[in-house]
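Below is one structure, written out as structure tokens; comments come after it.
Per chain, numbering begins at 1; letters A, B, ... match sequence-line order.
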Number of protein chains: 2
Amino acid sequence: MVANNKDISSFLKTHGLAGTIIRKQVLSHLWGDGVALTQKEIEEKLPPETDRVTLYRTLRLFTEKGIVHKIVLNGETQKFKIAGRFRKSDHAHFYCTKCHKLLCMPQLDVDLSDLPEGFQFSSARLVVEGICDTCSQKNQTQTQ
Amino acid sequence: MVANNKDISSFLKTHGLAGTIIRKQVLSHLWGDGVALTQKEIEEKLPPETDRVTLYRTLRLFTEKGIVHKIVLNGETQKFKIAGRFRKSDHAHFYCTKCHKLLCMPQLDVDLSDLPEGFQFSSARLVVEGICDTCSQKNQTQTQ
DNA sequence: AAAGCACTTGCAACACGGTTGCATTTTAAT
DNA sequence: ATTAAAATGCAACCGTGTTGCAAGTGCTTT
Ligand SMILES: [Mn+2]
Ligand SMILES: [Mn+2]
Ligand SMILES: [Zn+2]
Ligand SMILES: [Zn+2]
């Protein structure tokens, strides 16, 4: 629970959604910059009596409304993340393998100069893995 | 059935695998440059009485042995493709949305010049979508 | 504050692909 | 042809996605 209830309630109202218990709970866990969670990870943070269908429907609703983005990490795992200022999730992301934050990086793209003659570029889903600035910093401080 | 049985049988022998019916059938459908198929697509090309578990185990075996690569297209669909000269599938691929061929493009990569200060790059699974050279050619000829 | 209605939830149930154990069949080596 | 090892077919189980519907809740209006 990172954000206070007032924030989350008004957030839901802004997006024309009823402020139900589970919706507030889910949002509270996704609140914060770079926070991205698996459906299972969210499920584990919720009270154990939570119905899995309701969680499923909640995440589907959020995704449809564009409130959260569903981002594929590596084919197996997909993470949910509050959309923030971006309408669509069609931009690149950076996934930190240390702190597991997922950060939007719309400036990143594929180097098309190496695309062979005759090939036409259309799109590329892009998730870059590595270590974020904060974690690099920490690591440097420790090893010094 | 693109390749002849001799080729496929020796291919299996080379990789230390028994030349069973279903293995030959699966390989024959994956034979050819750029051919990449979904498990379901393969299943539909096989005789209808084929057991789905056996197909599953066949593809898992091929993947484990490195004979075929399992490549995630867009989070939902993953395609199987004969590995060819590459040991691992950790290089970029180009997916043609017209002819649905999947081509290895190890020369493609992410433009890292835009990676912000302090971020360390580690890896990026990369599938570029677009139109391949052959399909571009055809399209040009038609519209002329 | 209470009522009414639309929306949401909880539950049971089904779909479907992955996965396993095991008895039977097939392959490859002798 | 014999034989041992490997592969297959089948039944069955699991987890996740998905739906229908009855019961419950949130929100607006009075
Ligand atoms: Mn984003
Ligand atoms: Mn490849
Ligand atoms: Zn980090
Ligand atoms: Zn093409």
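What separates CD1 of I42(A) from C1' of dG17(D) is a distance of 16 Å, to the nearest Å. The distance between atom CZ of R23(B) and atom C1' of dG9(D), rounded to the nearest whole Å, is 14 Å. Rounding to whole angstrom units, CG of residue L59(B) and P of dA7(D) are separated by 15 Å. Distance, I22(A) CD1 to dG10(C) C1': 11 Å, rounded to whole Å. Put simply, NZ on K24(A) is 9 Å from C1' on dG26(D), counting in whole angstrom units. The distance between atom CZ of F62(A) and atom C1' of dT8(C), rounded to the nearest whole Å, is 12 Å. Distance N5(A) CG to dG26(D) P: 13 Å, rounded to the nearest Å. For the pair E43(A) CD and dG10(C) P, the computed distance is 13 Å after rounding to whole Å.
Atom CD of E117(B) has 12 or fewer heavy atoms from other residues, nucleotides or ligands within 6.0 Å.
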Tell me, for nucleotides 18-30 of chain C in 5' to 3' order, what letter each nucleotide earns: B for a base near a protein heavy atom under 4.0 Å, S for only sugar-phosphate near one, - for neither?
BBBB-----SS--

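Put simply, the residue from V35(B), L59(B), L37(B) that forms a side chain to side chain contact (heavy atoms under 4.5 Å, CB included) with F80(B) is L59(B).
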Protein and nucleotides 3-5 of chain C: nitrogen or oxygen contacts under 3.5 angstrom:
none

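In this structure, the side chain of N74(B) engages the main chain of T77(B) through a donor-acceptor pair within 3.5 Å. Between the side chain of S9(B) and the main chain of K6(B), no donor-acceptor pair closer than 3.5 Å is present.
Hydrophobic clustering (side-chain heavy atoms under 4.5 Å, transitive across Ile, Leu, Val, Met, Phe, Trp, Tyr) keeps V127(A) apart from L73(B). Under the 4.5 Å side-chain heavy-atom criterion for Ile, Leu, Val, Met, Phe, Trp and Tyr, I22(A) and L12(A) are members of the same hydrophobic cluster.
The CG atom of L103(B) sits 6.0 Å away from atom CG of D33(B), with the distance rounded to the nearest 0.5 Å.
Between H100(B) and Y95(B), the ring-plane angle classifies as tilted under the 30° and 60° cut-offs.
For the ring pair (Phe, Tyr, Trp, His ring centres under 6.0 Å) condition, the pairs that include at least one residue of residues 101-120 of chain A, sequence neighbours left out, are F119(A)-F94(B).
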